[in-house]
Amino acid sequence: MDSVNILGIFVGIAIVYGFLVIRYVNKPFHWVVEINLLKKMSCSVWEPGLQVLWFPIPPFMFVKNKIDMSQKPVTIHMGMKEGVGRHDPIDFKDAKAGVLVQVIYEVQDPIKATYDVQESNLDIVSHDDTGKEIHLHFHGYERATLNRIEATLRSFFGSYTFDEANEDSNKSAVEKGVTEKVQKEILDNWGVKVILIDIIDFVLDEKTAEIRQGRLAAKVKAETLALEAEGEKNATITIAEGKKQATITIAQGEREAAQLAGQGEQERLKAVADSGLGSAHAAAYIIARGANEAIAKGNATIIATSEGGNMNFAATLAGIAKGMSGEGEKKSQPTDPKTTSGTSSTSTPSLTPRKRGGNNT
């Protein structure tokens, strides 16, 4: 065999060896390589890039696992027929229901995720939102992580009623509590970090949904009737308060008007009393004033009479009214008995002169 052939053989072997030992790790994967030599096992992690598996003969040296180091979102379908998660519903205090929960996780220790998990890999067939069939593959560490998260969620939900679990504050409390409880355990044991647990929705079966819908409708109706009754009550109270306040205001106004009228009448009587009139004339003035007001209002009539007493009284009233209007009283001048023929010296002058046909009588 000549040297050319030998060289060709070595080149061929080198090429084959190169294909066997030279590997390239793509992002975002990390490879776990196991080495078993001299009855001693060791392992190493290959990061993305060109790597050499210099003795590629299992079980002496081989790639044990290829770990995706990126963040992976998975939706757990608890209590549903398809998807990741147990198919039996969650037992709330008052109902059974399914829950959709999104989990985001990532591997931080590839060696723990490879060797410290006892779960087997899982392949399932499901459907996406459009109904298209999809195939999902979960490594042992992923399956173990999701199972532990689901078990912890079921434990937390068991302490709530269905309505309580739907409240935003309680949902946030469950998400935070489950994350804190499983985080350290999963990271320490399997090298997986839980980044997010988000409760998406609660799903009731058809029969339970109908019962719940009826209860909610009855509750809403009762609350509406209560609000309407409260509104009518408040309106009645407001109207009553308004009437009460109006009555009080009117009464106060009438009382104040009466007080003012009384004060005015009192001042008027005082002015009459201070004017120097006798008590009889002062009384006649008040009566005359009342008569004038009644005439002005059109609800009284004064009847003139020829009786001497009435005429004298009317004349007295007229004279008082005339005196109060500013003309004052004028004393009657005595009649000279010498110039009057056929009359007594004690005769009284007429109260009111009359003109008839242009001559005095």
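Since the structure is predicted, the reported quantities are computational estimates derived from the model, not experimental observations.
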- Item | Distance-minimising heavy-atom pair for V45 and P110 | CG1-CG, 4.2 Å

- Non-hydrogen atoms of K112 and D188 that approach each other most closely: NZ-O, 3.0 Å

- Message: Within the supplied structure, the quantity of interest is the number of heavy atoms (other residues, nucleotides, ligands) at a distance under 6.0 Å from K193 NZ; does it exceed 12?
- Response: no

- Plane angle bin for F157 and F92 - parallel if under 30°, tilted between 30 and 60°, otherwise perpendicular: tilted

- Check the angle between the aromatic planes of H139 and H137 and answer parallel, tilted or perpendicular using the 30° and 60° thresholds. perpendicular

- Task: Could you pull out the closest heavy-atom pair between M78 and I90, with the gap in Å?
- Result: CE-CD1, 3.7 Å

- Message: Quick check on the hydrophobic clustering: are F156 and V203 connected, directly or via other members, by side-chain heavy-atom contacts under 4.5 Å?
- Response: no

- Neighbour count >12 (heavy atoms, 6.0 Å) for atom CD, Q118: no

- Message: One pair to check against side chain to side chain donor-acceptor pair (under 3.5 Å): D163 and T161. What are the steps and the verdict?
- Response: CA-CA 5 Å; D163 290 335; T161 64; 5.6 Å; no

- Query: Between D91 (side chain) and G158 (backbone), is there a donor-acceptor pair under 3.5 Å?
  - Reply: no

- Which atom pair, heavy atoms only, marks the closest approach of N121 to R143? O-NH1, 3.7 Å

- Under a single-linkage definition using a 4.5 Å side-chain heavy-atom cutoff for Ile, Leu, Val, Met, Phe, Trp and Tyr, are L187 and I67 assigned to the same hydrophobic cluster? no

- Query: With distance as the sole test, does D109 use its side chain to make a donor-acceptor pair with the main-chain N or O of I111 at under 3.5 Å?
  - Reply: yes

If you look only at distance, which donor and acceptor atoms sit under 3.5 Å apart when one is on a side chain in residues 11-32 and the other is two or more places apart or in another chain?
from	atom 1	to	atom 2	distance (Å)
Y17	OH	W54	O	2.4
R23	NE	L20	O	3.1
R23	NH2	L20	O	2.9

